[in-house]
Amino acid sequence: MADTQMTYRDALKEAMREGLKRDDRVLIMGEEVGVWGGTYAVTRGLYDEFGGKRVIDTPIAEMGIIGVATGAAMGGLKPIAEIMTINFALVAIDQIINNTAKIHSMFGGTMRAPVVIRTAAGWGQLAATHSQSFEAWFAHVPGLIVVMPATPYDAKGLLTEALYSQNPVVFIEHSRLYGEKGMVPQGEFRVPFGKADVKREGKDVTIVTYSRMVHVALSAANELAKEGIEVEVVDLRSLRPVDWETVYGSVRKTHRALVLTEDWMTYGVSAEVAARLGHEVFDYLDAPVERLTQEEVPLPYASNLEKLSFPDDARVMERVKKMLA
Amino acid sequence: MSTNVTMPSMGFDMTEGKVARWLKAVGDAVERGETIGEIETEKATVDLSAPVAGVLAQIIVQAGETVPVNTPIAVITAAGEEVQPSAPQGSPGEKQKEGAPPTATTEPEQVRAGDEGKRAAKAGEGGTRVATGQGAPEETAAKEIGKQGELEKQEEGSPATSTVTPTQETGGVGGAAAKPGAPATQQGGDGQGDGRIRISPLARNTAEAEGIDLRSVRGSGPDGRIIQRDIQAAIEARKKVAPMAEPAAAAPPAGKPAPSPAFALPPAAKPAQAPGAPTAPAALVEGEQPLTRMRQAIARRLLESKTTIPHYYLTIEVMMGEAMKLRAQLNAMAAGDADKLSVNDLIVAAAARTLRKFPNVNAYFKGDRIELHAHINVGVAVAVEDGLLTPVLHDVDQKSLKQIAIETKALAARARANKMKPEDLGPGTFTISNLGMYGIDEFAAIINPPESAILAVGAVKATPVVVDDSITVAQVMKATLSADHRIVDGALGARFLQELKKLLENPVNLLLS
């Protein structure tokens, strides 16, 4: 079965289509997912193919979406609940954290809530309340699986894995990655949770990253290679659980680590990675672990300011060079 | 937890010892077994090792002072124990530190601190920390270290590592201006005054594994942090030193059962505890090499010997034919390689038995008296990677040829592996150096203080000689005695060599006790 080039968006759709076909219990519910085909066109065509009982348009009621999905999952269905953007998850967060995440534990293992909560981080002149990245909030909670794929391949593989999972999964896409193209095998395949991926090998410094920042890291790495600096890029893919061994192994090799994320620095994902590295590979570090993240501001609306708020190639290169100075 | 370093008992009859010099300063990190000072006894000067790892918190007995064996002379506290740089509250010696007159004033303070410690211990405190108003001696010392560390960091630039500086004489707990070696990892932005070495964990581990002395490494990382590349540079620099050492430092040629005594420039019983650790600053010009600790010791001792001992030299030719025959016979019967005799073993045996007859050649010069030794402990020069060691065989006159052969091989192996035992360090009473395997005909060695003579032996060569008015070929070896004219007069030295020659030319006598 040959690989084909596919967009991130289409890879997700394929995973859902395969799921809907394979498993009668799978259904999709969310705002504009059905008739409209999804705000980001991810579910386009699925309503036509599978009908309104499998692809359900909901009111603008995130709390309700998650509540209903959680109940449906407890009742034996396999719902994919879409929260249009991760910002709106705030409206449903009580459901996600206090119900979806904890039902398995609180019912002594007798009940499960295997919901797949699909949502999207991202920005694009959407301003402060619509441009946030809360992966750290979900990855903080025992009981949830949290993944954040960077490529079409990872997106499809992880979503398929989520559809097979017996646990609640917070599946965080990125609005600026939907158009990203990549090679994807035809047919069903799974990417396991808790497995990172070394997207680029190198010996001088490790960049630990995920989602859109993987592409920034790779682009910076290519530029740095021209100056003789070889960067290793480790894509976490899974934020909970994390494949720590791959991360530690990389830093043991390179002795320098830069954690690159799109969320805020303070108490963000980078804090967890840096703390773990400091603890587990302390003896291998030739420099303190560095963190490069979004600026500590609510995201501005103006596009020039938006650009300044995120790490870009130039800033990554600058930081890497400083680390090696 | 604090540990006292006490005046060691290093000899059968040693009652007191002198702290010759301190090689570490208060506040320095020390490792277990690391040389922290030198102790001079009547018989020899020996390295003082740290009994535990930690930080040298206090020097109780200053250099130049003599105390009875088992007296506490320094205190080591556990590494990581906080050394508070806060202002000491009336701690003794603190005010006297700057420009204080030498030891006399500060030493009583130290002794008092030591007494306090003892009282505190008696008061039933299991450990050595006492929560009294004045603070336990270690805390007092610790505060003084901290303050002094700050002061010194501001006063002086790079640390003086190997010399005993005047600051030591001004005494107190300050010591030389070396940076205390406590790990800097927790305190990144601590500024200038804390005197910690800034080093990455990786660099620290590599330095430890490779035996690199951190005090000699300059950090090129942020804030002067020592990072891996600095350690790697130090390793490379050190590699350049070893191969450029004198040819005598090469390994012995294969096939020779005995160890290879090298050119005799032996420091008296002085092993290098951290072999090859460079102590020179990192900024070497091309063509320059840092001095290893061993080479520094060799340099110091040789200079001392040559400038203070009135050397004179006597050479004699020994017909080694019979000795070589006996050796061949004995080796043919030897059980294994370990038992095999070398030519040097025969010479060592002969010298020891001869020394029994000439006790003045087995003596130390002590200013107003000559100390004759009851034991005959022969030092045998052994070439090691970075230089030269002279491990000592004890009571050689009491040992059979076989014992001498076996023990000498083991001794040389230990010396080369840097695993010498305390008794290997001495004290020696006479030294033998053999450059025969390099084809050297004869040479004059430098006496190993405080011994009074040294025997330098050349190659056994087939040489035409005159016997009964006709020329024949004999196995001739030249031996040169360097002797201290203050103890060994010319005639005495000559008779010693005559006796040695007689024994070697009639070697069957070596089989007798």
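Note on naming: letters A, B, ... go to the chains in the order of the sequence lines (proteins, then strands), and numbering restarts at 1 for each one.
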Next item on the list: Would you mind listing every ring pair (Phe, Tyr, Trp, His ring centres under 6.0 Å) that reaches into residues 299-321 of chain A, with sequence neighbours excluded?
Entry: Trp123(A)-Phe310(A)
Could you grab the distance from atom [atom1] of [X] to atom [atom2] of [Y], nearest 0.5 Å is fine?
{"X": "Asp230(B)", "Y": "Asp286(A)", "atom1": "CG", "atom2": "CG", "result": "8.5 Å"}
{"X": "Phe282(A)", "Y": "Arg204(B)", "atom1": "CZ", "atom2": "CZ", "result": "8.5 Å"}
{"X": "Leu202(B)", "Y": "Leu285(A)", "atom1": "CG", "atom2": "CG", "result": "8.0 Å"}

So with a 6.0 Å cut-off around [atom1] of [X], is the heavy-atom count from everything else above 12?
{"X": "Glu230(A)", "atom1": "CD", "result": "yes"}
{"X": "Arg229(B)", "atom1": "CZ", "result": "yes"}
{"X": "Tyr284(A)", "atom1": "OH", "result": "no"}

Checklist line | Toward chain B, the part of Arg256(A) with a non-hydrogen atom under 4.5 Å | finding: side chain
Item checked: Heavy-atom closest contact (Arg225(B) atom, Ala287(A) atom, distance) -> NH1-CA, 4.3 Å
Checklist line | Within residues 132-140 of chain A, residues adjacent to chain B where the heavy-atom gap is under 4.5 Å | finding: none
